[in-house]
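First comes the structure, then the notes that go with it.
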Amino acid sequence: QIKAAFRIHLKRFHEWVQKQPHIEMLIVSYNDLMRDPRGQAERIQAFLGGLGNIEQMLSAVDRSLYRNRVSEAVSQP
């Protein structure tokens, strides 16, 4: 039920934000970010009008966390 409610909320948010002339939004897919960090950082920088240091953005990407699951994070007794 929570997942369904979240999907509805997200759909309504996207519909709302598209109608707001004063809001621009860039969607960055987590999977795309892991697959091509530099390309996504360049997209972000372009969206921000050239602001942002791409190398600093790339330093925040930690591929060792990719595909981590909650069950993997729980310590075993």
Side-chain angles (χ1 to χ4, degrees):
Q1 289 176 345
I2 292 172
K3 189 175 183 179
F6 180 70
R7 283 186 178 165
I8 291 168
H9 174 75
L10 196 57
K11 181 179 181 285
R12 288 180 182 161
F13 169 76
H14 283 279
E15 290 169 354
W16 174 83
V17 81
Q18 288 176 355
K19 296 175 185 175
Q20 307 309 308
H22 57 284
I23 296 176
E24 293 182 52
M25 182 172 68
L26 174 69
I27 296 174
V28 179
S29 161
Y30 178 79
N31 291 331
D32 291 345
L33 179 63
M34 289 295 105
R35 199 172 12 258
D36 180 21
R38 181 168 295 279
Q40 295 304 307
E42 289 170 354
R43 284 184 63 228
I44 294 166
Q45 186 184 50
F47 179 77
L48 296 175
L51 298 176
N53 182 304
I54 289 178
E55 296 308 317
Q56 287 180 339
M57 288 185 226
L58 294 174
S59 72
V61 177
D62 186 349
R63 289 182 181 211
S64 71
L65 301 176
Y66 187 51
R67 299 282 185 202
N68 280 359
R69 300 287 187 251
V70 172
S71 61
E72 295 172 356
V74 175
S75 61
Q76 301 291 326

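Here CG of Leu51 is found 12.5 Å from CD1 of Ile44. Values are rounded to the nearest 0.5 Å. The CG atom of Asp36 sits 7.5 Å away from the CD atom of Glu42 when rounded to the nearest 0.5 Å. Taking CD from Gln40 and CG from Leu33, the interatomic distance works out to 6.5 Å, rounded to the nearest 0.5 Å. Between atom CD of residue Glu15 and atom NZ of residue Lys19 there is a gap of 6.5 Å, rounded to the nearest 0.5 Å.
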* **CA sep, side-chain torsions, deciding dist, call: Met34, Val61, side chain to side chain contact (heavy atoms under 4.5 Å, CB included)** => CA-CA 8 Å; Met34 289 295 105; Val61 177; 3.4 Å; yes

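No continuous path of ILVMFWY side-chain contacts below 4.5 Å connects Trp16 to Leu10, so the two sit in separate hydrophobic clusters. In the hydrophobic clustering of ILVMFWY residues, with side-chain heavy atoms under 4.5 Å counting as a link, Ile27 and Phe13 come out together. Grouping the Ile, Leu, Val, Met, Phe, Trp and Tyr side chains by contacts below 4.5 angstrom, directly or via other members, places Leu26 with Met57.
Other residues, nucleotides and ligands place more than 12 heavy atoms under 6.0 Å from the CD atom of Gln20.
Using modelled atom types, no side-chain atom of Arg38 and backbone atom of Ile54 make a donor-acceptor pair closer than 3.5 Å.
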